[in-house]
Amino acid sequence: MLNSEIARMFEDLADRLEISGANPFRIRAYRQAAKTLSEWPESLADIAETAREKLISIPGVGKDLADKIAVIVETNAFQQLEEMRKEVPDGVVEMLRIPGLGPKKVALLFKYLAVGSLSDLKQAVEAGHVAKLKGFGEKTAKSILEGLANLAQSGSRVYLAEAKVEADAIVEALQNVPGVGQVSAAGSLRRRKETVGDLDVLATASNATAAMDTLARHPLVNKVLARGDTKQRVRLKSGLELDLRVVPEESYGAAMQYFTGSKEHNIVIRRRAQERGLKINEYGVFRDEISVAGRTEEDVYATVGLPWIPPELRENRGEIERAEQGKLPQLIELTDIVGDMHMHTTATDGTASIREMAEAAKLRGLQYIAITDHSKRVSMANGLNADRLRQHWKEIEKVRGQVSGIEILKGIECDILEDGTMDLDDAVLAEADWVIAVLHYGLRQPKEQIDLRLLNAVRNPHVSIIGHPTARIIGKRPPVAFSFEALLKAAADYGIMLEINASYMRLDLDDIQAAAARDRGIPIVISTDAHSTQGLDGMQYGIFQARRAGLTRHDVANTLPLQEFQKRIRRA
DNA sequence: GCCGTTTTCGGCCCGACTGTTTTCAGTCG
């Protein structure tokens with residue numbers, strides 16, 4: 001049992017308790033515990049089995065939750081959740097995914113209109129029942145319909161980070177099966193798309209049965225949906241579906257190429273093959289039914305006159321032409337990154353101290369970091385006013401003397417307020433080494449106002465960078481309405497940087513926007529926005545996005561040594 | 001449900017916005 005599974009159960013219970021109107025503080029306790037557990041470095045299952053009493057020392061876990069964790073690990077079930085499931089069915093919980101619908105409104109819909117699913121909800125809105133319900137109205141009804149449409153469109157895709165954890169676990173399990181050779185995930189996961197619809201795993205094996213049996217028994221697997229000689233489809237407990245394909249050694253490269261996609265990329269590749277009198281399919285490259293390649297992807301690409309193309313670029317967005325001209329970029333790698341310029345501490349909504357973050361960053365090989373806690377407008381995160389910020393910076397200076405081998409910059413993530421002013425005065429911002437300007441509130445303002453806010457921030461001489469510029473949350477909140485073109489122009493004119501926020505729910509800028517910024521010569525900084533020491537590991541998702549954008553290390557400023565980096569920071 | 005040099009009860013993060021109301025509940029972050 002994974003920590004994340006236990007966390008998900010607590011989170012699920014919290015949702016249902018909230019709809020049923022339970023004590024809000026009890027609900028918060030479950031959510032707090034879920035968050036802590038999902039980030040906990042040791043396996044809870046191991047702790048529960050070997051040193052059960054240690055569970056209670058986890059912050060936010062008391063006697064009650066420690067017992068529950070132990071029973072969950074032991075029995076693989078959570079009695080209380082199963083009982084709540086009867087009271088508040090899955091379809092009701094699902095309605096929480098609609099923006100504007102919280103637990104109270106969902107409870108009203110369930111209680112008075114017997115709305116128990118998204119399809120019930122759609123019918124109830126269309127029949128005009130919802131708008132008449134007390135506390136609802138025409139506007140709410142309309143926004144529910146929009147939310148439903150949005151949800152249907154984004155479908156059931158999951159974040160890359162979540163899918164990757166599951167895929168990695170299954171790939172590893174398969175690699176340990178005797179008789180199994182190479183194993184790898186393919187598909188959109190291998191292309192590092194922001195979200196993944198399902199998982200494709202390829203394996204070479206002398207014994208497909210053993211591989212399939214292992215998959216069927218894997219703890220992450222809920223149900224085997226189909227099984228044949230070479231292909232098995234399963235549904236994971238998370239809801240993701242996974243295809244395992246067992247292929248012969250001599251077809252592995254061809255199968256990887258075929259199942260990695262994208263479809264658009266492969267169409268062009270197969271057309272090139274046709275022009276050369278060849279046929280490419282998942283088993284190999286064939287001339288007159290005779291196999292001429294297939295063992296490796298390099299061999300397959302070579303038959304159509306191309307070098308191997310990194311999976312992140314395989315979207316038919318010009319990569320094939322560039323490959324043909326020998327102009328494929330040397331894509332940035334995680335090890336190129338030497339600084340992390342966006343992270344939080346316990347001063348606001350982070351879970352680790354300045355010192356802990358610095359030491360964790362050093363452990364990850366970084367040469368410098370910026371501590372960038374929230375400004376006061378973000379009250380829910382205990383944002384800093386001028387006094388507290390200055391005090392916080394004094395703390396940073398103290399830690400500088402305590403942790404050697406890493407530079408710590410005095411930063412701030414400062415809100416751009418709804419009226420276009422900064423949340424902190426210029427006098428304070430002027431004292432910072434590094435100022436990230438961001439939008440957190442008023443995200444539904446009209447385009448003109450958002451443009452004004454971003455432009456004001458770019459023009460502010462103390463602002464170093466715009467963080468998560470579009471403020472989107474993938475699959476949950478659309479980007480703000482704004483002119484990206486105007487932002488690019490202003491950033492280039494004023495010498496300001498733009499962020500790729502590596503948080504897997506943001507990945508903001510996205511790949512296409514980051515490529516556009518690169519084309520304007522705007523320095524890009526990839527930052528984790530970490531709220532814990534573990535959060536620093538999120539850098540990889542920013543790197544994936546940068547690679548999809550075709551960025552090299554020369555396009556990304558935090559690959560530079562600190563002195564060089566600081567020369568790139570616009571000075572007031 | 002957690003927590004505790006204010007410790008076994010009584011707190012627990014809160015300000016702004018939206019759409020609904022006619023003074024505010026619900027949602028969001």
Report task. With the side chain counted from C-beta on, respond yes when A/Glu42 and A/Lys54 share a heavy-atom pair under 4.5 Å apart, and no when they do not. Result -> yes
Report task. Give one of base, sugar-phosphate or nothing for A/Lys68, where a contact means two heavy atoms less than 4.0 Å apart. Result -> sugar-phosphate
Query raised in the report: At under 4.0 Å between heavy atoms, what does A/Leu101 touch on the DNA or RNA strands: base, sugar-phosphate, or nothing?
Result: sugar-phosphate
For [X], enumerate each residue passing the side chain to side chain donor-acceptor pair (under 3.5 Å) test, keeping only those at least two apart in sequence or located in another chain.
| X | result |
| --- | --- |
| A/Glu359 | A/Arg355 |
| A/Asn222 | none |
| A/Glu431 | A/Arg390 |
| A/Asn3 | none |

Query - Residues touching DNA chain B, which here means a heavy atom under 4.0 Å, drawn from residues 105-131 of chain A - result: A/Lys105
**Report entry** Strand contacts (DNA chain B) in residues 48-64 of chain A, 4.0 angstrom heavy-atom criterion
**Finding:** A/Pro59, A/Gly60, A/Val61, A/Gly62, A/Lys63, A/Asp64
Query raised in the report: Mapping A/Leu96 and A/Tyr30 onto DNA chain B by nearest heavy atom, which one lands closer to the 5' end?
Result: A/Tyr30
Report task. Hey, could you give me each pair passing salt bridge (charged side-chain N to carboxylate O under 4.0 Å, His left out) that has a residue in residues 132-144 of chain A? Not counting sequence neighbours. Result -> A/Lys142-A/Glu146
Query raised in the report: Under the salt bridge (charged side-chain N to carboxylate O under 4.0 Å, His left out) rule, what pairs show up with a residue in residues 526-539 of chain A, not counting sequence neighbours?
Result: A/Arg364-A/Asp537
Requested in this report: Output every pair passing ring-ring contact (aromatic ring centres under 6.0 Å, His included) with a member in residues 27-74 of chain A, not counting sequence neighbours, ordered by first then second residue.
Outcome: A/Phe10-A/Tyr30
Query raised in the report: Nucleotide by nucleotide, 5' to 3', does protein get under 4.0 Å of the base (B), only the sugar-phosphate (S), or neither (-) in nucleotides 19-24 of chain B, counting heavy atoms?
Result: SS----
Query raised in the report: Partners of A/Phe484 by ring pair (Phe, Tyr, Trp, His ring centres under 6.0 Å), sequence neighbours excluded?
Result: none
Taking N or O atoms only and anything under 3.5 Å, show me the protein contacts with nucleotides 12-14 of chain B, one pair per line.
from	atom 1	to	atom 2	distance (Å)
B/dC13	OP1	A/Arg28	NH1	2.2
B/dC13	O2	A/Met380	O	2.8
B/dC13	N3	A/Met380	O	3.3

Report task. Report yes or no: do A/Asp451 and A/Ser483 form a side-chain donor-acceptor pair below 3.5 Å? Result -> no
